[in-house]
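Quick caveat: nothing in here was measured; it's all calculated off a predicted structure. What's counted below: heavy atoms across the whole structure, side chains too, no hydrogens, waters or symmetry copies. Both counts, for ligands and for their atoms, begin at 1 and track the order of listing.
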Amino acid sequence: MGRRKVMVIGLDCAEPSLAFDKYAGVMPNLRRLMKKGCWGLLRSTIPPITVPAWTTMVSGADPGELGIYGFRDRTGYGSYELDFATARTVRVPRLWDVLGDAGLRSTVLFVPQTYPPPAELRGSMVTCFLTPGADSDYARPVELKQTLESSFGPYIVDVPDFRTDDKPRLLESIYAMSRQHFAMARFLLDKDDWDFFMMVEMGCDRFHHGFWRHIAADHPRHVPGNRFADAGREYYAYLDRELGTLAEFADADTTVLVVSDPGARTMKGGICLNEWLLRHGYLALEELPDRPTPLHRLKIDWSRTKAWGEGGYYGRVFLNVRGREPQGIIPPEQLDTECEALKAMLEAIPDEHGRPIGTVAHRPRDLYPVARGTPPDLIVLFGNLDWRSIGSVGTGAIHAVGNDTGPDDANHSWDGILVASGAQVSAIGRIDGAEVRDIARTVLGLFELAPPETMGGTGILSGVRRVREQGA
Ligand SMILES: [Zn+2]
């Protein structure tokens, strides 16, 4: 066996029921990899959100261990403010750190939470969609930015304004971004001397949020035969062609993993979390808005507020606890009782017709062995992710048809895809039970390196190999 290499191709939000089933016929390259190796669902983190899920994928640390619960996290109990999760908030080693210490070189492209880039890296990096813009310091080595720009133009960090009704413009921007990113990937696969290559393309996520109603027959506003009805098939076919060109850089000793996180599903509607808290006496405002307004633009009367929430693909609720929050009012000894009561009430919120929707509210201590940072008191999955959380107040109702931050048709789903193929992977077919947090250990296993202490999960492929050997 020659030099072992691992290539991880990440497609944010690629949905298994599309990639493995509905669009399988237009994805011959993915099917080829599946046939040569193994494949299955890849269970996301709780919450199943790009941040923190990809950081869990590359570190093996769960969101509690990371202390990262979403795109924005509270900066501490001493303040009511939230701040964006960046590379600076990741305090555990990620794959390229561990591999670098072992003398191996990584090419890391667009992986969420890589901005700002590390001062030094054994290999190359282009930071993620959370990079502030094409003028930022987004590449390592530093001179790579100039090289890429001269070949591919200014770095397209993300699709601008992806929550829009201008669908033709959106579709064009998604393709423009994806094409640039895959072209950069091929360039670096060719030019770099890499042991580990990983890229994460966000186009699929942007496509789902923008076009899900057009492609999914179960979306309440789906119109059969609409002009974008085939756009999903075409975009997945396009992704597959890109996948094929990347896979050509994998020699006989390279293991290729194709992974996604999370999946996507129809968003049935939104639950206006803060509006609900307001109506139930948990949240008090100094003045009520006459139109939908984000909570952070309003004056909260903390002296009468017991709880407030955040919108997003899932809901987060924070309790205002005396001695913990700056103007807390809930006596600390009542935190547990208050939390349980609120949890039960949130779980009982029905749909607009009074039917149960199956909401689950979790307390972080029940999800993670440790919950670092400033975790929400409740992590609320409305309708088990069929509904999103709307943070605005002044919505006039508890139920919303759309989204308060712009048109968005899709919510995240629990499972992404996993496909593994290469000399170290037996052609075992479908495997079950793989989780996002298993990937880091799996990659280290392929290099026969020991995982650091913070790296949880299980090596999927070593398990597969063992089963195979025992069976043989
Ligand atoms: Zn998304």
Item to complete: Flag His208 as yes if one of its N/O/S atoms falls below 2.8 Å of the Zn ion (ligand 1), otherwise no.
Response: no
Worksheet, complete the sentence: His209 NE2 to His412 NE2 via the Zn ion (ligand 1), rounded to 10°, gives 110°
Worksheet item: Ala53: what forms a side chain to side chain contact (heavy atoms under 4.5 Å, CB included) with it, not counting sequence neighbours?
Response: Ser44, Thr45, Asp261
Worksheet item: Any idea which N/O/S atom from Asp205 gets closest to the Zn ion (ligand 1)?
Response: OD1
May I have the list of side-chain donor-acceptor pairs in residues 343-352 shorter than 3.5 Å, sequence neighbours left out?
unit_1, atom_1, unit_2, atom_2, d
Lys343, NZ, Glu347, OE2, 3.1
Lys343, NZ, Ala361, O, 2.8
Glu347, OE2, Ala361, N, 2.9
Asp351, OD1, His353, N, 2.8
Asp351, OD1, Gly354, N, 3.0
Asp351, OD1, Arg355, N, 2.8
Asp351, OD2, Arg355, NE, 2.8
Asp351, OD2, Arg355, NH2, 3.1

Worksheet item: Do the ring centers of Tyr175 and Tyr235 come within less than 6.0 Å of each other?
Response: yes
Item to complete: Measure up the His181 and Phe110 rings against each other and bin them: parallel (under 30°), tilted (30 to 60°), perpendicular (over 60°).
Response: parallel
